[in-house]
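All heavy atoms count here, side chains included; hydrogens, waters and symmetry mates do not. These numbers were taken from a predicted model, which means no experiment stands behind them.
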Amino acid sequence: MPTRREALAASAALTGGALLPAAPPATAVPRMTPDRATAAPGQHPGRAIALTHATVLGAGTDHTVLVRDGRIIRTGRSAEVPIPLGTTTYDLTGKYIVMGGLVESHVHNQGPETVLPPLFPLNGVTTVREMWGGPLHHEWRDKVRAGKLLGPRWVIASSIIDGQPSLWANDTGERVVEVADAPSARRAVREAKASGADFVKVYSRLTPEAYEAIADESRRQGLRHAGHCPDTLPIARASDAGQQSIEHLHALLLATSDRETEIRRAMAKVRIDPTLGTSFERYASWFRQVHAVEWQAMRTYDVGRARALFDRLAANGTRVVPTLTVHHSLERTDQLPTDSPEFAYLPGWMTDYWPAIWSSLTAGRTARDTSRIHQIYEHRLRLVAELHRAGVQLVAGTDTGTGYAVPGFSLHHELELLVEAGLPTQDVLHAATTAPARMLGLPADRADLLVLDADPRTDIRHTQRIHSVLVDGRYLDRAERLRLLADVARAAAASEPPVTGIVAPHICVH
């Protein structure tokens with residue numbers, strides 16, 4: 001498997017170097033002007049746009065897309081779609097339009113406003129699902145809607161609701177709600193609704209009693225719940241309880257062992273010392289303990305048990321977000337890039353933490369440990385293939401906000417990993433467009449489009465050959481997109497760490 005750096009080099013060769021414009025010097029002054037990186041998508045009352053003579057995936061060649069007021073009003077053969085007077089027309093002969101734009105279904109954003117939000121649409125990601133919601137994300141969403149910030153559509157989770165003690169201390173700059181029983185779990189759901197959350201985020205250390213109360217109260221409040229399957233809860237119960245999506249592949253690996261009862265007992269013995277004062281210490285402790293359990297589960301994998309479970313998930317409509325990107329970074333550390341052109345789009349005070357954090361997480365691994373962890377990762381790829389064959393709806397997400405995942409860029413790597421797992425390119429595109437759009441209830445006529453120089457159905461890496469992007473009705477042509485990316489790089493280089501609050505990104509929301 002090629003390394004991330006090799007994949008980036010191949011992508012740059014495909015695009016003639018246009019995918020990642022050269023980063024400006026570190027001393028450059030940011031050039032963020034109201035009509036560029038801080039301007040919002042949409043906000044063009046009465047403005048009409050026509051994208052003509054393109055191949056529209058799922059529709060056909062030589063098609064025209066008409067857009068007005070942030071909505072697609074007509075799509076059809078170019079010869080059959082009249083262009084109204086006053087319409088701004090872009091000839092896209094030889095280009096490929098991915099309808100709906102890309103959706104990144106698992107992100108965690110903390111950092112400069114001038115850097116993180118713009119990176120998503122500038123990479124063709126027009127919608128994100130924020131998996132640990134807070135006031136900052138609601139503020140960004142409001143600014144995007146008001147035309148003050150370039151960014152994606154935001155679907156925002158509640159604060160993480162976890163058991164006691166949580167894997168996360170309240171040192172991350174974002175709130176963690178710890179619940180110990182059904183009454184406190186129900187209160188947490190009601191608080192989530194009052195905060196404006198779009199859905200409830202459930203987490204790993206919840207007890208079955210608290211989880212069932214969250215699921216029931218979420219239904220009562222008209223909210224969906226999604227997130228981790230708790231360590232002590234069978235996935236089938238979470239699926240039957242209506243969990244919208246299961247994040248990552250950890251719980252699925254445990255549930256497909258023919259010794260699941262034994263595995264569950266082992267998970268019940270995993271302890272998080274509440275005296276561990278930082279989130280990193282708590283997570284690292286859990287991470288090391290769980291890998292041993294995962295190894296035992298992998299060695300006792302039962303194909304029949306897996307198929308029965310996956311059939312149940314498919315029947316219930318439970319989605320799975322594999323987040324292969326973060327699994328890959330933690331379990332194939334030999335393939336981590338020491339540097340990447342993408343890193344220029346994040347402040348150094350964020351990326352400088354990554355090597356030290358990853359070294360601490362992997363400290364003490366023997367050659368045998370490393371070999372086992374590599375095998376666990378390969379097994380995760382097989383699980384993804386089995387989920388797909390069983391008809392479980394897979395949704396693309398990366399866990400961006402963890403190390404080595406740059407907003408916007410990382411989703412393209414996730415698509416490559418899904419292809420590596422054995423999914424056809426057409427189905428991978430579905431996992432990043434139609435499937436999450438349905439899950440999130442996005443408007444079918446939203447004017448979010450990705451225009452590519454090459455057909456992604458023939459090579460998934462072609463999603464990185466971006467010609468232009470339409471985000472909520474605002475058209476970013478090639479020149480403007482590259483100019484805005486350069487602006488983001490300058491802003492990242494000039495960014496200073498916050499005086500208070502967390503300065504390192506999430507370790508892993510695994």
For [X], all residues meeting salt bridge (charged side-chain N to carboxylate O under 4.0 Å, His left out), sequence neighbours excluded:
| X | answer |
| --- | --- |
| Asp198 | Arg141 |
| Asp142 | none |
| Glu139 | Lys143 |
| Arg389 | Glu386 |

By side-chain contact (heavy atoms from CB on, under 4.5 Å), which residues pair with Arg237, not counting sequence neighbours?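 With sequence neighbours excluded, Arg237 shows a side-chain contact (heavy atoms from CB on, under 4.5 Å) to Pro208, Glu212, Leu233, Pro234, given in chain and number order.
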
Not counting sequence neighbours, which residues clear side-chain contact (heavy atoms from CB on, under 4.5 Å) with Ala308? List them please.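 For Ala308, no residue satisfies side-chain contact (heavy atoms from CB on, under 4.5 Å) once neighbours in sequence are set aside.
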
Give the table of side-chain donor-acceptor pairs shorter than 3.5 Å for residues 426-439, with sequence neighbours excluded, one pair per line with atom names and distance.
from, atom 1, to, atom 2, distance (Å)
Asp427, OD2, His388, NE2, 2.8
Thr433, OG1, Leu429, O, 2.6

Output all residues satisfying side chain to side chain donor-acceptor pair (under 3.5 Å) with [X], sequence neighbours left out; order by chain, then residue number.
| X | result |
| --- | --- |
| Glu104 | Thr398 |
| Asp445 | Arg71 |
| Arg307 | Asp311 |
| Arg259 | none |

With under 30° as parallel and over 60° as perpendicular, where do the rings of Tyr301 and His379 fit, or are they tilted in between?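 Tyr301 vs His379 ring planes: perpendicular.
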
Return the set of residues passing ring pair (Phe, Tyr, Trp, His ring centres under 6.0 Å) with Tyr211 (not counting sequence neighbours), or none when no residue passes.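 If we apply the ring pair (Phe, Tyr, Trp, His ring centres under 6.0 Å) test to Tyr211, skipping adjacent residues, the hits are His225.
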
Charged N-O contact under 4.0 Å between Glu247 and Lys201: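 No, this pair does not count.
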
Sidechain N-carboxylate O distance under 4.0 Å for Glu260, Arg265: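 The answer is no: the pair does not qualify as a salt bridge.
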
